[in-house]
Amino acid sequence: MSLLRLRGFEIHKGYLDLASQRALIEVLRPILRTAPLFSPTAPGGRKLSVRMTSAGKFGWIADETGYRYVENHPKGMGWPAIPDRLLELWHGVTGLQRQPESCLLNYFGPDAKMGLHQDKDEADFSFPVVSVSLGDDGLFRMGDTRRGGKTDSIWLNSGDVVVMGGAARLAYHGVDRIRFQSSRLLPKGGRINLTLRVVT
DNA sequence: AAGTTACA
DNA sequence: AAAC
């Protein structure tokens with residue numbers, strides 16, 4: 001376990017050991033059963049390459065009308081609760097008393113990526129965003145608060161946790177590619193990224 | 001533009 | 001990397 005700081009991003013390499021990663025996957029199973037992954041469409045009609053679902057009071061969705069937090073899955077059901085061990089992880093890594101209200105689960109298959117973007121659909125940017133990597137390695141790119149600035153990249157491995165607060169809270173970031181089947185955590189391969197956020 | 005394409 |  002080591003802590004790296006890059007452009008204000010706090011990168012906890014190896015924050016979760018293998019047993020903790022496996023335990024997390026187990027608590028995600030019932031969430032995926034209750035609130036299945038869906039393939040969101042972005043404004044303009046383009047499909048996002050990740051599949052997603054959420055836990056918590058709010059889930060983040062994209063559709064033709066935009067990006068926002070909503071209280072129900074596209075199929076109508078409410079989002080499952082955020083598992084306790086994720087709330088504990090949030091408190092452990094942020095030291096905050098305030099609980100996150102949303103846990104977005106993004107699944108990256110072999111060709112999935114995520115373009116550079118800012119997380120700015122939340123009401124209060126003084127709270128950090130916490131990101132947990134599980135499964136295959138992902139090449140994470142970090143910029144600053146403007147498009148077109150310089151960027152730095154780092155490979156995120158299963159068990160890494162990134163805290164985006166302070167200067168990094170509104171910094172552009174994205175995932176250029178994954179190394180499919182580089183990890184054995186998910187038998188069928190792929191990368192799961194969990195992002196915990198205070199929304200309101 | 002949470003994407004796609006093209007080019008060094 | 002840059003343009004759209």
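Just so we're on the same page: letters track the sequence lines, and every chain starts at 1.
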A:R33: what forms a side chain to side chain donor-acceptor pair (under 3.5 Å) with it, not counting sequence neighbours? none
What pairs of residues pass the ring pair (Phe, Tyr, Trp, His ring centres under 6.0 Å) test when at least one of them lies in residues 7-37 of chain A, not counting sequence neighbours? A:F9-A:F140, A:H12-A:Y15
Pick the P atom in B:dA8 and in B:dT4, then give their distance to the nearest Å. 22 Å
Non-neighbouring partners of A:R179 that pass salt bridge (Lys or Arg N to Asp or Glu O under 4.0 Å), sequence neighbours left out: A:D137
Rounded interatomic separation in angstrom, taking NE2 from A:H173 and P from B:dA1: 16 Å
How is the base pairing of DNA chain C summarised as a dot-bracket string, given the Watson-Crick and G-U wobble criteria with both distances under 3.5 Å, [ ] for crossing and | for another strand? .|||
Can you check nucleotides 2-5 of chain B for protein contacts, nitrogen or oxygen pairs under 3.5 Å, and list what you find?
from	atom 1	to	atom 2	distance (Å)
B:dA2	OP2	A:L116	O	3.2
B:dA2	OP2	A:R147	NH2	3.2
B:dA2	O4'	A:H117	ND1	3.4
B:dA2	N6	A:W60	NE1	3.4
B:dG3	OP1	A:K113	O	3.4
B:dG3	OP2	A:G115	N	2.0

Who pairs with A:R7 by salt bridge (Lys or Arg N to Asp or Glu O under 4.0 Å), at least two apart in sequence or on another chain? A:D152
Counting only non-hydrogen atoms, which of residues 156-171 of chain A are less than 4.0 Å from DNA chain B? none
Ring pair (Phe, Tyr, Trp, His ring centres under 6.0 Å) contacts touching residues 81-131 of chain A (sequence neighbours left out): A:H117-A:H173
Which ILVMFWY residues are connected to A:M77, directly or by a chain of links, through side-chain heavy atoms under 4.5 Å apart? none
By side chain to side chain donor-acceptor pair (under 3.5 Å) - contacts of A:Q97 (at least two apart): none
State yes or no: are the ring centers of A:W79 and A:F58 separated by less than 6.0 Å? no
With heavy atoms under 4.0 Å as the rule, sort A:P40 into base, sugar-phosphate or nothing. nothing
Applying salt bridge (Lys or Arg N to Asp or Glu O under 4.0 Å), name anything that partners A:D17, two or more places apart in sequence or on another chain. none
Go through the structure and list residues passing salt bridge (Lys or Arg N to Asp or Glu O under 4.0 Å) with A:R98, not counting sequence neighbours. A:E101
